[in-house]
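Following: one structure in C-alpha cells, then a few remarks.
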2 protein chains.
Amino acid sequence: MRQTKIESPEKISEKASKQPSKVGKANSLHAKKRILLAASELFAAGGISALSVRSIADAAGVSTIGIYSHFNGKQGILDALFMEGYQMVYDSMAFSTVGLSAKQILLKGVHGYLTLANEYEGHYRLIFGENGNQYEPSDEAREMSSKAFKRLVSHSCIILPPNSAWPLKQKIALELWAFVHGYVSLKHHATSAMISDQHWQEMAVEGISIHIDALIAKYPTSQTK
Amino acid sequence: MRQTKIESPEKISEKASKQPSKVGKANSLHAKKRILLAASELFAAGGISALSVRSIADAAGVSTIGIYSHFNGKQGILDALFMEGYQMVYDSMAFSTVGLSAKQILLKGVHGYLTLANEYEGHYRLIFGENGNQYEPSDEAREMSSKAFKRLVSHSCIILPPNSAWPLKQKIALELWAFVHGYVSLKHHATSAMISDQHWQEMAVEGISIHIDALIAKYPTSQTK
DNA sequence: TTGACAGGTATAACAACGTTATGCTTAACT
DNA sequence: AGTTAAGCATAACGTTGTTATACCTGTCAA
C-alpha cells in the first residue's frame, strides 16, 4: 500500500530554519513538490472537502508529518493554494492594452476574470473565504492579494482623469470588482438554481458593460481612444 | 456542571415522526426553542466556528442527542439559521413604496440589505456559502431563499416597462443583487484591509446609485413618479 | 574511524468534531 | 396494570488537524 522507501534522500532548509549560515546545501526537490502537486490535484478534483492532511499525505506518498515538515500543516497548504489562485488572477491581468479603448481593456479584464473563476472554482472559493472559518490567509498570502488588487487598480483607473486621487482609483476598482465578483459569488450560491437563464458569463458582461459606460460618462476626461 | 434534570417533561411529535394518527398532543415547547436560541446566540457571538453540536447542547442544557431528536443534527441547525437569515432578508423588503420614485425604492431596499448584512454577518456568511463545504441547504431552505428572491424581483422590476418578460426581470434583479452582494462579500474578504476608506456602505450605495441611473436610462418606460 | 548532531520520517497518540448504538426513564393509551 | 413509543444520557465510533516519541540517515568534527 504505502511505497516502501524513498530512495533519494532529501533535505530542506531553504528559508525558514534558524541561521542560514552552515546548512548551505538546501536542495529540497521531491517531497515538497509532490505534496503541493497532490494537494493541487485533490483540491481541483474535490474542492476543499477532499483536502484532508491524511489524503494529501497518502497521495503524495509521505506520512502525515510530512505536511508539517514541508508546510505549516493545513494552513500552509491552503496558503499555497490561496497564493496560487491569486497568482493566476494577477497573471490574468497581464495583457497588452495597445490599440484598445478604455472599455475594451476593462471588458477584457472582466472576461479573463470570469473565465478564471469558472475554470478554477475551487481556488476562487478558497480565495473568497467560502472555505468556512477554518482558514485565515497568512501575511504572505495577504501580500499576494494586495499585489493583485494594486494591478486591478492600475488597470481600472484608465477611465478616470489621469491625476485622480488614490482613494478614488481604489473606489472605482472596488466598484468594478464588486460587480464582477458579485456575479461569480451568486453563481456559486443556491441562487443559481433559481435563474432560468444559465448564461451567467454573458449576463455578467452585459451588466458590467452598462456600468462601465456609466462610469465613462461620469468621468469624461478619460482618454477613450 | 450539567443541570440535574429537566423538571417539566416535554415531548415532540409535531411533524416528522411516522403517522400523525395517535400521538396527537404535540406540545414540544421548551427543548426545541432552547436549542435554537442557544444556537442563535452562539452563532451570533462566534460565527459558525462556535457552533459545535456539543457546545449547542451544553448551552441549551440538553445532551448531544437532543440536537438529533429535535433537529436533523448540525444540518438541521444550520438550516434553521439559514432560513432565519433569509426570513430577515425577506422581511427587510417589506416596506411601503407609496410616494417613492423607482430609484428611491431601490435605494431603500439596498440600504436595508446592507444594514442587515452588517448587523447579521454570521447569517450572511452562512447564507452565501461562506461556511465551508460542510453545509448544503435543504429543499425547505432553498424554498425560503427562492421566496426572497422572488420578492426582490418584484421590487426591482419597477424600473422596467410593465410588461417585461420574466427572464428580463430576473436578469435585472440579479444585476442589482450581484452588485450589492459583491460589496458585502468583498468587505468580508481580506480585501477590507487594503481599502483605506472604510465607508463601505456609502461606497456601495454610491456605486449602485450610478448603476440604477444607468438602468433607468436604458429602460425609459419606467414610471418614475 | 568514531562520535555527536540535526533533520526528515513513521508510528501512535491526543483532542475535538459529527454522528449513532445502547439502554433507561417517562408519559400516554388500551 | 401493561404495553408502547418517544426523549434522554452515556458512551462509543470514525474522522479530522496536530503533535510527542522514537528511528533512521546523512553531515560534520575530533
Side-chain angles (χ1 to χ4, degrees), chain A residues 1-14 16-19 21-32 34-35 39 48-58 60-78 131-136, chain B residues 1-32 34-35 39 48-58 60-78 131-136:
Chain A
M1 181 69 69
R2 185 183 306 278
Q3 70 184 54
T4 60
K5 179 81 79 155
I6 300 154
E7 310 88 317
S8 54
E10 49 226 340
K11 53 207 97 95
I12 291 179
S13 14
E14 195 153 28
S17 297
K18 274 167 269 183
Q19 321 98 314
S21 57
K22 286 222 170 180
V23 220
K25 287 293 181 66
N27 44 355
S28 132
L29 284 175
H30 300 68
K32 190 162 186 174
R34 277 209 321 273
I35 292 174
I48 207 173
S49 322
L51 263 195
S52 75
V53 172
R54 285 170 179 80
S55 66
I56 298 170
D58 285 354
V62 301
S63 183
T64 63
I65 198 73
I67 312 297
Y68 294 85
S69 306
H70 297 283
F71 292 86
N72 185 25
K74 186 156 194 179
Q75 161 87 16
I77 298 284
L78 294 178
N131 47 69
N133 48 297
Q134 62 204 12
Y135 166 61
E136 208 56 31
Chain B
M1 184 69 70
R2 183 183 309 278
Q3 70 183 58
T4 62
K5 180 79 79 156
I6 299 153
E7 311 88 315
S8 54
E10 49 227 339
K11 52 208 96 97
I12 290 178
S13 12
E14 195 152 27
K15 68 166 188 178
S17 297
K18 276 169 262 181
Q19 321 98 313
S21 59
K22 288 224 168 177
V23 219
K25 287 293 182 65
N27 42 357
S28 135
L29 283 176
H30 299 66
K32 191 162 184 173
R34 277 210 319 274
I35 292 173
I48 206 174
S49 323
L51 263 194
S52 76
V53 172
R54 284 169 179 82
S55 67
I56 298 170
D58 285 354
V62 302
S63 183
T64 63
I65 198 72
I67 312 297
Y68 294 85
S69 308
H70 297 283
F71 293 87
N72 184 25
K74 185 155 194 180
Q75 162 85 18
I77 297 284
L78 294 179
N131 47 68
N133 45 293
Q134 62 203 12
Y135 166 62
E136 208 56 32

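Below, chains carry the letters A, B, ... as their sequence lines are ordered, and counting in each starts from 1.
Straight-line distance from the NE2 atom of A:H70 to the C1' atom of C:dG8: 7 Å, rounded to whole Å. Atom OH of A:Y68 is separated from atom P of D:dG17 by 7 Å (rounded to the nearest Å). For B:F71 and D:dG7, the CZ to P distance is 13 Å, given to the nearest whole Å. One atom, CD1 of A:I56, and another, P of D:dT18, lie 10 Å apart when rounded to the nearest Å. Distance, A:K74 NZ to D:dT15 P: 15 Å, rounded to whole Å. Distance, A:I35 CD1 to C:dG8 C1': 11 Å, rounded to whole Å. Rounded to whole Å, atom P of C:dG8 lies 16 Å from atom NE2 of A:H30. Note: CG (B:N72) to P (D:dG7) measures 14 Å, nearest angstrom.
No engagement by B:L78 is indicated, since no non-hydrogen atom pair under 4.0 Å with the nucleic acid exists. Using a 4.0 Å heavy-atom cutoff across all strands shown, B:I77 reaches no nucleic acid atom at all.
The closest side-chain heavy-atom distance from A:I77 to A:I35 is below 4.5 Å.
If you find the closest nucleotide of DNA chain C to A:I65 and to A:R54, the one lying nearer the 5' end belongs to A:I65.
Note: B:Y135 OH to B:L51 CG = 12.0 Å, rounded to the nearest 0.5 Å.
Contact between the side-chain N/O atoms of B:S63 and the OP1/OP2 oxygens of D:dA9 is found at a separation under 4.0 Å.
Of all heavy-atom pairs between B:A31 and B:H70, the closest is CB-NE2, 3.4 Å.
Remark: the backbone N or O of B:A50 is paired with a side-chain donor or acceptor of B:S55 at under 3.5 angstrom.
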